[in-house]
Enquirer: 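Take this structure first; my questions come after.
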Amino acid sequence: MKRNLNELVSTILNKINHINHLKQLQSHLTTLGHSQTHFYAFKLFRFCSIKLSNLHYAQQIFNHIHSPNIYLFTAIITAYSSQQNNHSLTFSIFKNMLNSPIRPNNFIYPHVLKSSKERFLIGSVHAQIVKTGFLEYPVVQTSLVDSYSKVLGGLRDAQKVFDEMSERNVVCFTALVSGYLRAGDVECGLKVFDEMVERDVPAWNAVISGCTQNGFFSEGIRLFREMVFVAAAGEGGFCKGNKPNQVTVVCVLSACGHASMLQLGKWIHGYVYRHGLVVDSFVSNALVDMYGKCGNLELARKVFEMDQCKGLTSWNSMINCYALHGNCEGAIAIFEQMVECGSGVRPDEVTFIGLLNACTHGGLVKQGCGYFDMMVKKYGIVPQIEHYGCLIDLLGRAGRFDEAMDVVKGMSMEPDEVVWGSLLNGCKVHGRTDLAEFAAKKLVEIDPHNGGYGIMLANIYGELGKWDEVRNVWCKLKQQKSYKIPGCSWIEVDDKVHQFYSLDQSNPKTEELYSVLESLFGYRSEVMIEM
DNA sequence: TTAGGGTTAG
């Protein structure tokens, strides 16, 4: 009879899709005397929170049970920990559980840890894990490694837990690699990755994504090539093993975009189709971004048009493509299409950075200022320092320095290097040496060790004839041993990226390269020599 | 029932 009822409840839950049906089922179960039966409460809770995404009513189901068991506590903690803004609630439920007769088990800890966003909180859960004897469970250990590595100052604790593990699998290795890369420690991340005996797709993705996010694009691409090589050479050929998936493709396309590697980007686009990968919104947006950054606006637009479910990032990526190409009309047209298409997508702070950049490149001062106002007044977006940077760039390039300075004075945060740099740039264009001196001084104040700023200030003093100041700046630069970071440019030829640094002469073909440049420019140029 | 990997700006 009981078995029949269990089956019946499962069958009904498989068929219903509305909260009222769930309430009816709940009433029937109460009539049958099961209002406090943990098993059914658990079933109803899971259905309500997962299938109906109604955590509010799921909470009521939980509250209705006088003495919830470990399954119900795990279910409610799982539900809250998977949400963005309910971490403190997860924790308070866990505390309530500890105050009840119910003891934690190994299944509940990973969820509690997922909600622990402070180092001291993880430490207290860690102590609880030791106290209750669950530290030997690999999944619990991995959760500790992952959680510690995600909080400020937690990497050493993550490494310590990892070092004390008796058996380490690919998942805990990946958690640690991701931790180092997230913290920007690429060297340690790659070192741990090198130590991995087994590497699966998420492990490769973690290291490729980490390199890309830290600006190590060539390393990310090198690792992608290695992944493809290993997958192709593995048992069963390219059809089996750790083939790059959509996540890999998204990570490596981002690297291709930043490194302007169009040919590789195209090869990956082909790979997506050859291997039947679904072009979801992530893949589509990554392709749009890659084509845009590599200079092929036409293909970027083609991929964008093919996306049937354009989300905020899709629109933003396309706006940024146009902005990058200085095509302000295109950027504005996409923005207008975005707000008028009725899809309910609202612009965010990234949208306006793209739009303001586009207006700056097109010299559309009035429209740019209008978009800044629209962002604040219509969409309630608080301007970030990047928006101020764009606005000052826009005004500075147009020579509207009084307005630019009013914006600087009205900023709710301290102006940064981008803000003063934009103003300085405008001053140079319009010959406002007096204001340029002011901006350059600010830049030197912010970063006294940046030789580039010092040299700019010295040059401005030179233009003003302030030779004592010129001497002072150069003396300080020499004392500090501050040098300007050399300008760098790169080009992709035959699938290889060649980097060129200003004035460097270390390349064995230096003389030959300079001769070519000389024949091109008609004079001895000191442009770029490859490193 | 529990653990690791994804795009856009600056």
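Just so it is clear: chains get the letters A, B, ... in the order the sequence lines come, proteins before strands, and each one is counted from 1.
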Enquirer: Regarding A:Asn357, tell me which of base, sugar-phosphate or nothing describes its non-hydrogen contacts under 4.0 Å with the strands shown.
Expert: sugar-phosphate

Enquirer: Taking side chain to side chain donor-acceptor pair (under 3.5 Å) as the cut-off, I'd like each qualifying pair that reaches into residues 321-330 of chain A, sequence neighbours left out, listed once.
Expert: A:Arg301-A:Tyr322

Enquirer: Short of 4.0 Å, heavy atom to strand atom, which residues of residues 317-340 of chain A count as contacting DNA chain B?
Expert: A:Ser317, A:Asn320

Enquirer: Would you check if the distance from the ring center of A:Phe47 to the ring center of A:Tyr57 is below 6.0 Å?
Expert: no

Enquirer: Check side chain to side chain donor-acceptor pair (under 3.5 Å) between A:Lys302 and all other residues, then give those that pass, not counting sequence neighbours.
Expert: none

Enquirer: Report yes or no: do A:Tyr379 and A:Asp348 form a side-chain donor-acceptor pair below 3.5 Å?
Expert: no

Enquirer: Can you tell me how far apart CG (A:Leu391) and OG1 (A:Thr360) are? Round to the nearest 0.5 Å.
Expert: 8.0 Å

Enquirer: Just to be sure I understand the geometry, which residues of residues 160-177 of chain A put a non-hydrogen atom under 4.0 Å away from DNA chain B?
Expert: A:Asn169, A:Val170, A:Val171, A:Thr174

Enquirer: Heavy atoms only, 4.0 Å cut-off, all strands: where does A:Val418 land among base, sugar-phosphate and nothing?
Expert: sugar-phosphate

Enquirer: Who pairs with A:Glu226 by side chain to side chain donor-acceptor pair (under 3.5 Å), at least two apart in sequence or on another chain?
Expert: A:Arg222

Enquirer: Side chain to side chain donor-acceptor pair (under 3.5 Å) with A:Tyr137: which residues, sequence neighbours excluded?
Expert: none

Enquirer: Would a 4.5 Å heavy-atom cut-off, applied to side chains only, mark A:Ile392 and A:Trp420 as touching?
Expert: no

Enquirer: For residues 42-54 of chain A, pull every pair meeting side chain to side chain donor-acceptor pair (under 3.5 Å), keeping only residues two or more places apart or in separate chains.
Expert: A:Ser10-A:Lys43

Enquirer: Please list, in numerical order, the residues of residues 198-215 of chain A that have a heavy atom closer than 4.0 Å to any atom of DNA chain B.
Expert: A:Asp200, A:Val201, A:Pro202, A:Ala203, A:Asn205, A:Ala206, A:Ser209, A:Gln213

Enquirer: Considering only residues two or more places apart or on different chains, which pairs with a residue in residues 200-212 of chain A satisfy side chain to side chain donor-acceptor pair (under 3.5 Å)?
Expert: A:Asn205-A:Asn245, A:Asn205-A:Thr248

Enquirer: Using the heavy-atom set of chain A and a strict 4.0 Å cut-off, write down the first and last nucleotide of DNA chain B that makes it in, 5' to 3'.
Expert: B:dT1 to B:dG10

Enquirer: Could you check, using the six-membered ring where one of them is a Trp, whether A:Phe173 and A:Phe193 have ring centers closer than 6.0 angstrom?
Expert: no

Enquirer: With sugar-phosphate meaning primed atoms plus P, OP1 and OP2, does A:Ser178 contact a base, only sugar-phosphate, or nothing at under 4.0 Å between heavy atoms?
Expert: sugar-phosphate

Enquirer: Assign A:Gln246 to base, sugar-phosphate, or nothing according to its heavy-atom contacts below 4.0 angstrom with the strands shown.
Expert: base

Enquirer: Could you tell me which residues satisfy side chain to side chain donor-acceptor pair (under 3.5 Å) with A:Asn86, sequence neighbours excluded, listed by chain and number?
Expert: A:Gln83

Enquirer: For residues 380-388 of chain A, tabulate all N or O donor-acceptor pairs below 3.5 Å that involve a side-chain atom, not counting sequence neighbours.
Expert:
from: A:His387; atom 1: ND1; to: A:Gln384; atom 2: N; distance (Å): 2.9
from: A:His387; atom 1: NE2; to: A:Glu349; atom 2: O; distance (Å): 2.9

Enquirer: Check every strand shown and say whether A:Phe352 touches a base, only sugar-phosphate, or nothing at a heavy-atom separation below 4.0 Å.
Expert: nothing

